[in-house]
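Take a look at the structure below.
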Amino acid sequence: MASQARDVSSALSDRKGNRRGWCAIALCGFGFAFGVAAFIPHYKWISFALIVITGLLSKALSGPYWSIPGLIFPPGVAGGARGIINGLGNLGGFIGPLLVGWLTTLTGTTSAGIYALAAILVFGGLLCMLLPDATASDVSRKTS
């Protein structure tokens, strides 16, 4: 199901040419669903469904997301840019759990850490909208 979400998102992103919009939708939806799932733990089936949705949105993000460096950077630089992005993502794999652990220790509950991660995801989605115009529409269609 997640691979189908990735394929559908990639196809729609290709058809519309709006990479940043699809990334923003996926990230904001991911953050919202993750935060709501943590906010209503006593509704187990609804929380579970929201966690499933976060997984779908996580995979739906990958196609449009990894096509953006090729639109922003020249061909000789795009591969290196993807490497730097991947390295920063690995750094996030360290900082995220550190942040959750620190907030859990500080507040005595894991909810604060989950809300912080959800807020970071929504912020990242909004930040996507600041990407250059080349990521908002298919420039090759406009010039031909």
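Bear in mind that the values here come from a model prediction, so they are computed numbers and not experimental data. Sequence positions, counted from 1, serve as the residue numbers for this chain.
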**OP:** Could you tell me which residues satisfy side chain to side chain contact (heavy atoms under 4.5 Å, CB included) with A119, sequence neighbours excluded, listed by chain and number?
**Re:**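 Checked A119 against side chain to side chain contact (heavy atoms under 4.5 Å, CB included); zero matches.
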Original post:
Just wondering, are more than 12 heavy atoms of other shown residues or ligands nearer than 6.0 Å to OH in Y115?
Top reply: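 Yes.
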Show the nearest heavy-atom pair for residues [X] and [Y], with the distance to one decimal.
X	Y	value
I85	P69	CD1-CG, 3.7 Å
R20	P132	NH1-O, 3.5 Å
G125	A24	O-CB, 3.2 Å
P97	G92	CD-O, 4.1 Å
P41	S47	CA-OG, 3.9 Å
A78	G70	CB-CA, 4.1 Å

Count I, L, V, M, F, W, Y as connected when their side-chain heavy atoms are under 4.5 Å apart, and connections chain through other members. Are [X] and [Y] then in the same cluster?
X	Y	value
W66	L56	no
V36	I46	yes
L117	I53	yes
I84	V77	no
L131	F73	yes

**OP:** Scan for side-chain hydrogen bond (donor to acceptor under 3.5 Å, both in side chains) pairs involving residues 77-99, sequence neighbours excluded, and state none if there are none.
**Re:**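 Residue pairs passing side-chain hydrogen bond (donor to acceptor under 3.5 Å, both in side chains), neighbours aside: none found.
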Original post:
So, R19 side chain and P64 main chain: donor-acceptor pair closer than 3.5 Å or not?
Top reply: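 Such a contact is absent between R19 side chain and P64 backbone.
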Original post:
Side chain of T54, backbone of I51: donor and acceptor closer than 3.5 Å?
Top reply: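 Side chain of T54 to backbone of I51: a pair is present.
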Return the [atom1] to [atom2] distance between [X] and [Y], rounded to the nearest 0.5 Å.
X	Y	atom1	atom2	result
L99	T104	CG	OG1	9.0 Å
I72	D133	CD1	CG	11.0 Å
S58	F34	OG	CZ	11.0 Å
L61	L27	CG	CG	5.0 Å
C128	F123	SG	CZ	10.5 Å

Subject >> Flag side-chain contact, heavy atom, 4.5 Å: C28 against L121 >> reply: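 They are not in side-chain contact.
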Original post:
Is there side-chain contact between F32 and L50, with heavy atoms separated by less than 4.5 Å?
Top reply: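 Answer no - side chains too far apart.
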